[in-house]
Amino acid sequence: MKPAFQQQPHSKTKGKTDTVSYRLPTELLKSLETEAMQKNISQNVLVKQILTKYIEWDRFAQKMGMIPVPQRILESLGGEMSHQEILKVIDTLFTTIKDSILLMKGGYDLKRTIETLEDYMRSSGMESDHRKENDVHHFIIQHKMGMQWSIFTELLLRRVFTEFEMEKELIFQTTESTVIASIPLGSDFDEHDY
């Protein structure tokens with residue numbers, strides 16, 4: 001018997017691997033070794049994570065005009081925004097999201113949009129998860145930045161699903177640090193398969 005909740009894998013299907021060698025400065029190798037030990041993973045796994053993050057997100061970040069902003073600044077900005085201001089930011093952000101998805105994924109649809117948002121959350125260190133319960137998919141985002149950011153996240157996700165005419169069946173659970181969007185997408189829906 002299959003459990004009701006299944007966690008959706010975030011990585012794509014394993015492909016063929018090859019061995020390659022690079023010349024790297026000794027200090028860089030020492031830093032990689034230390035980081036891998038602290039994370040209790042192999043250097044190979046760490047280097048693969050670094051390269052994957054670069055390929056999936058970092059190489060596009062500058063082209064999209066992304067700049068790193070400390071979390072405390074975002075928290076303080078979010079606490080001051082009214083509902084109307086949040087909607088205005090989402091309107092502006094939505095065009096950027098659409099353009100970014102076209103650049104990064106080579107097309108624009110719900111699967112690519114969800115995958116890009118997951119890539120962003122993983123890249124920014126935000127906790128997220130995708131779980132499946134029969135036909136219902138639960139997208140869980142934990143930001144720990146206060147209620148205004150939960151409202152922002154909920155409204156942004158509503159806008160995403162509205163774009164693809166799926167807002168009617170969307171259910172949210174929202175707290176000060178967590179947003180869960182639940183929607184029936186079917187048991188075979190996979191945002192990595194497009």
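Predicted model only: the values in this text are computed from it and were never measured. The analysis underlying the following values was restricted to heavy atoms, covering all of them including side chains, and did not include hydrogens, waters or symmetry mates.
Using cut-offs of 30° and 60° for the angle between ring planes, the F139 and F161 rings count as tilted.
Residues H143 and T153 have side chains that never bring a donor and an acceptor to within less than 3.5 angstrom of each other. For the residue pair E191 and H130, a side-chain donor N or O sits within less than 3.5 Å of a side-chain acceptor on the partner.
Without hydrogens or angle criteria, S150 side chain to T175 main chain gives a donor-acceptor distance under 3.5 Å. In terms of modelled atom types and a separation under 3.5 Å, the side chain of S42 and the main chain of V45 share a donor-acceptor contact. Side-chain atoms of K39 never come within 3.5 Å of backbone atoms of L46 as a donor-acceptor pair (strictly under, hydrogens ignored). No side-chain donor-acceptor contact under 3.5 Å links R131 to the backbone of H138.
Taken from CH2 in W149 to CD in E176, the straight-line distance is 14.5 Å, to the nearest 0.5 Å. Note that the OG atom of S100 and the CG atom of D119 stand 11.5 Å from one another [nearest 0.5 Å]. To the nearest 0.5 Å, atom CG of residue L155 and atom CD1 of residue I86 are 6.5 Å apart. Going from atom CD of E163 over to atom OG1 of T113 covers 7.5 Å, rounded to the nearest 0.5 Å. For the atom pair CZ (R112) and CD1 (I114), the distance works out to 12.5 Å, reported to the nearest 0.5 Å. Once rounded to the nearest 0.5 Å, the distance linking CG of L24 with OH of Y22 reads 9.0 Å.
Residues L28 and Y54 are members of separate hydrophobic clusters, defined by side-chain heavy-atom contacts under 4.5 angstrom among Ile, Leu, Val, Met, Phe, Trp and Tyr. There is a path of hydrophobic side-chain contacts, each under 4.5 Å, that joins M126 to I101. Hydrophobic clustering (ILVMFWY, side-chain heavy atoms < 4.5 Å, transitive): L156 and I171 are in distinct clusters. At a threshold of 4.5 Å between side-chain heavy atoms, the hydrophobic network of Ile, Leu, Val, Met, Phe, Trp and Tyr places L102 and M104 in one connected group. Linking ILVMFWY residues whenever their side-chain heavy atoms come closer than 4.5 Å, directly or via other members, places V89 and V160 in the same cluster.
You'll find the side chain of M147 reaches within 4.5 Å of the side chain of I151, heavy atoms only. L117 is listed as a side-chain neighbour of L157, based on a closest heavy-atom distance under 4.5 Å. Side chains of F152 and M145 form no contact here, defined as non-hydrogen atoms less than 4.5 Å apart. The side-chain heavy atoms of I50 and L32, taken from C-beta on, include a pair separated by under 4.5 Å. Contact annotation: the side chain of I97 never approaches that of T116 to less than 4.5 Å [non-hydrogen atoms, C-beta and beyond]. Using a 4.5 Å cut-off on side-chain heavy atoms (C-beta onward), W57 and T52 make no contact. Within the 4.5 Å cutoff, the side chain of V179 has no heavy atoms near those of the I140 side chain.
With T178 as the partner, the side-chain hydrogen bond (donor to acceptor under 3.5 Å, both in side chains) test is satisfied by one option alone out of E127, Q142, Q173: Q142.
Between F164 and Y108, a ring centre-to-centre spacing shorter than 6.0 Å is recorded.
Residues A181 and L170 share a closest heavy-atom pair of CB-CD1, 4.1 Å. Taking every heavy atom of both residues into account, P184 and E169 meet most closely at CG-OE1, 3.0 Å. L29 and Q43 make their closest contact through O-OE1, 4.4 Å (heavy atoms, listed as atom of the first residue, atom of the second, distance). Taking each heavy atom of I55 and F60 in turn, the nearest pair found is O-CE1, 3.5 Å. Contact between S182 and V136 at its shortest, heavy atoms only, is CB-CG1, 4.1 Å.
Between D91 and R159 a salt bridge is recorded (basic side-chain N to carboxylate O distance below 4.0 Å). Under the 4.0 Å criterion applied to side-chain N and carboxylate O atoms, E27 and K30 are assigned as salt-bridge partners. We find that K63 and D99 are not joined by a salt bridge, their nearest charged nitrogen and carboxylate oxygen being 4.0 Å or further apart. For R122 and E118, the salt-bridge test fails: no basic side-chain N is under 4.0 Å from an acidic carboxylate O.
No more than 12 heavy-atom neighbours from other residues, nucleotides or ligands sit within 6.0 angstrom of CG on N40. Around CE of M37, the count of heavy atoms belonging to other residues, nucleotides or ligands within 6.0 Å does not exceed 12.
For the pair K111 and F189, the cation-pi test (distance below 6.0 Å, angle within 45°) is passed.
Evaluation of the side-chain hydrogen bond (donor to acceptor under 3.5 Å, both in side chains) rule for K88 yields no partner, not counting sequence neighbours.
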Test side chain to side chain contact (heavy atoms under 4.5 Å, CB included) applied to D58 and S123, step by step: CA-CA 8 Å; D58 292 345; S123 171; 4.1 Å; yes

